[in-house]
**Student:** 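Mind looking over this structure? Questions follow.
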Amino acid sequence: MIDVQADHESRLRTGLESSLVGDLSFVCLFRYIISTLLLSLFLIPLFDSFVSMESCIMKEALFRAWSHTIHGLADSTISARISNCKWIEANVGDLDVAFDCDRCVSMLAMLSRDDGNSYQLVHLINGDANTNLATYRSSVNLYSKFRTWLLHNPVEGLLNGSSMGGGEPAAPLSETSSGCSTHMLQQNAVQAGNGEIAALWRAYSEALNALVGALGRSSNALGEISELLVARVHDGALLPASSKSSDVILQDGTRVQVKSRMLRQGTATSLGIIRSWDFDLLAILLFNPDGSLHFAGEIEAGEAHTLAKLNERQNGWVITTTNDVYHNPAMHDLTNQYREALDVL
């Protein structure tokens, strides 16, 4: 009887211990799950933030390297563009999202004074709103070019110091890309009838009038800004519009005639008619459709004469910017210097 009772007590004790162990196991498992969930809720956002931050740092490093190596910008200009991009991302939106959405078209519209949203940004801008908005649009365009370049080129060479093209200016040296500018324009075309073209026209007219007013000379904005660039690069002086054959005079008396064009359909374009060779130096400036400088070169007047063809109908000489002009040994490629001057006008 005693043995049976002892056995019964032993079984009760064993059952109680098993139950207790089971309860403890359940509590431990529950605590483990809760702890894991809480840790995940803390660590996952932290990890995502770290990955996002690392991605931003990498993208900024790539953008900086591309701007210097491929686009030929000076370090100070690159830093200013990156600062502009950070302001845009803080106040307007994510640049990469904007590019992936519509190649930044909507973001550029938001930074236009013709867009109602831009007025919400004005109170955040220090200084002249028109000037700053134009600067921000320029930075968006530059970043969009960078992202487009990334779609078609490897990035390894940018960060390991490779020149990815020898650090040469991005001037075209062949005419195989003659349709690129046209293709870009077609890509950016908008449908008529919804007010977009009217808004673009007003923005263009407003910007052109502001530019002509700032230059303070003739209404030929492209010609005036080109001549101003030549004067700034050489610390020269602009000559009156009535001056024969020359547009700029340098401190040593060198007379410079300036010819410029906006590239629309490829790299080969005919420069303006030359009716007199009574100058010392010919400066050639070619711009991309977005206003960035594509090529800038200078050549002695005598050498330039050998590249020109007589146009009897116009009673003058014409130079076409073929590879013979770009590659001519007498042509001094000053694209980078002129780009830097353009960025600080």
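Just so you know, these numbers use all the heavy atoms, side chains as well, and skip hydrogens, waters and symmetry mates.
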**Student:** Flag the pair Trp66 / Leu150 as yes when at least one side-chain heavy-atom distance between them is below 4.5 Å, and no otherwise.
**Tutor:**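 Side chain of Trp66 against side chain of Leu150, heavy atoms only: no contact under 4.5 Å found.
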**Student:** Would you indicate whether the side-chain heavy atoms of Glu227 and Leu239 approach each other to under 4.5 Å?
**Tutor:**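 Counting from C-beta outward, Leu239 and Glu227 never come under 4.5 Å.
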**Student:** In terms of side-chain geometry, is the basic nitrogen of Asp278 or Lys244 positioned less than 4.0 Å from the acidic oxygen of its partner?
**Tutor:**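 Salt bridge between Asp278 and Lys244, a charged N being under 4.0 Å from a carboxylate O: no.
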**Student:** Heavy-atom distance under 4.5 Å between the side chains of Ser139 and Trp87, does that happen here?
**Tutor:**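 In short, these two side chains do not touch, never coming nearer than 4.5 Å.
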**Student:** Under the side chain to side chain contact (heavy atoms under 4.5 Å, CB included) test against Ile299, which residue among Leu282, Leu281, Val325 passes?
**Tutor:**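 Among Leu282, Leu281, Val325, the one that satisfies the side chain to side chain contact (heavy atoms under 4.5 Å, CB included) with Ile299 is Leu282.
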**Student:** Examine Ile249 and Leu285 and state if one hydrophobic cluster contains both, with Ile, Leu, Val, Met, Phe, Trp and Tyr joined whenever side-chain heavy atoms are less than 4.5 Å apart.
**Tutor:**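 Shared cluster, no.
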**Student:** Which one of Ser219, Ser218, Ser260 satisfies the side-chain hydrogen bond (donor to acceptor under 3.5 Å, both in side chains) criterion with Glu224?
**Tutor:**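 Checked Ser219, Ser218, Ser260 against Glu224; only one passes side-chain hydrogen bond (donor to acceptor under 3.5 Å, both in side chains): Ser218.
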**Student:** With a 6.0 Å cut-off (strictly less than), is the heavy-atom count around CZ of Arg232, excluding the residue itself, greater than 12?
**Tutor:**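 For Arg232, atom CZ is not crowded (no more than 12 foreign heavy atoms under 6.0 Å).
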**Student:** State, without any angle test, whether Thr77 and Glu340 hold a side-chain donor-acceptor pair at a distance under 3.5 Å.
**Tutor:**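 Glu340 and Thr77 do not have a side-chain donor-acceptor pair below 3.5 Å.
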**Student:** Is there a donor-acceptor contact under 3.5 Å linking the side chains of Thr335 and Asp333?
**Tutor:**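 Distance-only check passes for Thr335 and Asp333.
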**Student:** Should Val92 and Tyr136 count as side-chain neighbours, where that means a heavy-atom distance under 4.5 Å?
**Tutor:**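 Counting from C-beta outward, Val92 and Tyr136 never come under 4.5 Å.
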**Student:** What's the shortest heavy-atom distance between Ala98 and Met107, and which atoms?
**Tutor:**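 Minimum heavy-atom contact is CB-CE, 3.7 Å.
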**Student:** Test your reading of the model: is there a side-chain donor-acceptor pair from Ser83 to the backbone of Ser79, 3.5 Å cut-off?
**Tutor:**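 No: the side chain of Ser83 does not pair with the backbone of Ser79.
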**Student:** Regarding His234 and Glu298, is there a side-chain donor-to-acceptor distance under 3.5 Å anywhere?
**Tutor:**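 On atom types as modelled, these side chains qualify, holding a pair under 3.5 Å.
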